[in-house]
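Every number for a ligand or one of its atoms is a count from 1 in the order of the listing. This chain uses plain numbering: 1 for the first residue, then up along the sequence.
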Amino acid sequence: MTYLKHLECSECGHIFDAKQVHNLCPDCDAPLWARYDLDRAKAELDRDAFAMRPASLWRWRELLPIDDPARRVDLGEGGTPMLRIERIGRALGLNALWLKDEGRNPTGSFKARGMAAAVTHAKLLGVKEFVVPTAGNAGGAAAAYAARAGMPIHVYMPKDAPPVNVNECRSVGADVHLVDGLINDAGRLAATDAKRHGWFDLATLKEPYRVEGKKTMGYEIAQDLGWSLPDVIVYPTGGGTGLIGIWKACEEMAALGWIGSKRPRMVAVQAEGCQPIVKAFQQESLASELWPDAHTIAAGLRVPKALGDRMILRALRASHGTAIAVADDAIVRMTNDVLRLEGISMAYEGAATLVGARQLLERGWLRPDEQVVCLNTGAGWKNP
Ligand SMILES: *Cc1c(COP(=O)(O)O)cnc(C)c1O
Ligand SMILES: [Zn+2]
């Protein structure tokens, strides 16, 4: 049984019924938060009982938006390993470095977590057909979960998206539209067609449940570290769902009494060729501006303007974190170093976090003995 109570607008605080499908707040065009009855959950849930369940996203089912877990759309997502990476740590000058390896998820990226939650919830509420705009991996994951749910999906992606993403969508039967432009252009077309045909739009943060799936990374990190949080969590930021979700998980775990007062400093890593959040953070703005001519080899980071930019920036500031940009050639070198030194296959986006950690150490923002968790958000076989 879920403790989900209602949805709440992230800007105006208006409450919405979670038993109906929603996209953005109609007044503010802002994303909605899923809110749970955490007081009751605190009284009734035992954090240590979760460890007895199979390692899976659904281990956390009471804190996910799904009433009937038996009807979940499940491909075996979540429960990924936390790997200590000492050799890379030594090379970087970090003594307590961990990698949470999300590349093990179905479809080879952590997009699986979000789509498992969002597709399940929408299906249970009677949605019949999906649409999703994507830089690549979100499309692949959405297409696989739609296939698993036995539902049609339309995927809109940039025409220069990695071919592996186009193929994985087509191979599971998705209707793929290649768009002349970037993910935000794909998003506009997807939204128009969603309205015209009555499809449900799974775009990043346009529905409230992909964040819910991704927040389980935060629960797992805390559980793997013995119900404590690291000093720093480094996250490769495109649309920011994972960063927002992990920070939400920290707040929920505190309200549930699962963790003490320590919070991680959250770091958003972006690519030099597309760094709207880094710029907004440095300029102390509340929101970001569209990044012109966005380009990077890390397709998941090619998001010139994130719908959740305000939520990302709030989490960075509330956590005393920061944002930093890294160069593509350093990302590629790091990907190869991690393969040789640790045998771990990383997505370029994931390798970007290690480059970011090294730069923060050089700047003195990170100290060598701090406990650092980097997220490898995808598998190396998805790299172009
Ligand atoms: C989508 C994606 C990202 C960015 O994730 P957001 O939650 O949208 O910021 C990072 N890495 C990979 C591999 C991705 O597919
Ligand atoms: Zn609102």
Kindly report the SG-the Zn ion (ligand 2)-SG angle for Cys25 and Cys9 respectively, rounded to 10°. 110°
Only pairs under 3.5 Å count here: list side-chain donor-acceptor contacts from residues 254-280, not counting sequence neighbours, and write none if there are none.
{"residue": "Lys262", "atom": "NZ", "partner": "Leu229", "partner atom": "O", "Å": "3.1"}
{"residue": "Lys262", "atom": "NZ", "partner": "Asp231", "partner atom": "OD1", "Å": "3.2"}
{"residue": "Arg263", "atom": "NH1", "partner": "Gly260", "partner atom": "O", "Å": "3.1"}
{"residue": "Arg263", "atom": "NH1", "partner": "Ser261", "partner atom": "O", "Å": "3.1"}
{"residue": "Arg265", "atom": "NH1", "partner": "Glu370", "partner atom": "OE2", "Å": "2.6"}
{"residue": "Arg265", "atom": "NH2", "partner": "Trp365", "partner atom": "O", "Å": "3.0"}
{"residue": "Arg265", "atom": "NH2", "partner": "Glu370", "partner atom": "OE1", "Å": "3.4"}
{"residue": "Gln270", "atom": "OE1", "partner": "Ile277", "partner atom": "N", "Å": "2.9"}
{"residue": "Gln270", "atom": "OE1", "partner": "Val278", "partner atom": "N", "Å": "3.3"}
{"residue": "Gln270", "atom": "NE2", "partner": "Thr237", "partner atom": "O", "Å": "3.1"}
{"residue": "Gln275", "atom": "NE2", "partner": "Glu272", "partner atom": "O", "Å": "3.2"}

N, O or S atom of His14 closer to the Zn ion (ligand 2) than 2.8 Å: no
Using links of under 4.5 Å between side-chain heavy atoms of ILVMFWY residues, direct or through other members, which residues join Trp381 in one cluster? Val164
Would you mind writing out a table of all protein N or O atoms found under 3.5 Å from any N or O atom of ligand 1, naming both atoms and giving the distance to 0.1 Å?
{"residue": "ligand 1", "atom": "5 (O)", "partner": "Tyr235", "partner atom": "OH", "Å": "3.3"}
{"residue": "ligand 1", "atom": "7 (O)", "partner": "Lys214", "partner atom": "NZ", "Å": "3.1"}
{"residue": "ligand 1", "atom": "7 (O)", "partner": "Tyr235", "partner atom": "OH", "Å": "2.4"}
{"residue": "ligand 1", "atom": "7 (O)", "partner": "Thr241", "partner atom": "N", "Å": "3.1"}
{"residue": "ligand 1", "atom": "7 (O)", "partner": "Thr241", "partner atom": "OG1", "Å": "3.3"}
{"residue": "ligand 1", "atom": "7 (O)", "partner": "Gly242", "partner atom": "N", "Å": "3.2"}
{"residue": "ligand 1", "atom": "8 (O)", "partner": "Gly239", "partner atom": "N", "Å": "2.9"}
{"residue": "ligand 1", "atom": "8 (O)", "partner": "Gly240", "partner atom": "N", "Å": "3.4"}
{"residue": "ligand 1", "atom": "9 (O)", "partner": "Gly238", "partner atom": "N", "Å": "2.7"}
{"residue": "ligand 1", "atom": "9 (O)", "partner": "Gly239", "partner atom": "N", "Å": "3.2"}
{"residue": "ligand 1", "atom": "9 (O)", "partner": "Gly240", "partner atom": "N", "Å": "2.6"}
{"residue": "ligand 1", "atom": "11 (N)", "partner": "Thr377", "partner atom": "OG1", "Å": "2.7"}
{"residue": "ligand 1", "atom": "15 (O)", "partner": "Lys111", "partner atom": "NZ", "Å": "2.8"}
{"residue": "ligand 1", "atom": "15 (O)", "partner": "Asn137", "partner atom": "ND2", "Å": "2.8"}

Residue pair His177 / Leu189, side-chain heavy-atom distance below 4.5 Å: no
Does any part of the side chain of Glu212, heavy atoms only, come nearer than 4.5 Å to the side chain of Arg113, both counted from C-beta? no
Note: Lys382-Glu168 ion pair, threshold 4.0 Å (strictly below): yes
So do Tyr156 and Asp193 actually touch side chain to side chain, heavy atoms under 4.5 Å? yes
At the Zn ion (ligand 2), SG of Cys12 and SG of Cys28 open up to roughly (10° bins) 100°
Only counting residues at least two apart or in another chain, list the ones meeting ring pair (Phe, Tyr, Trp, His ring centres under 6.0 Å) with His6. none
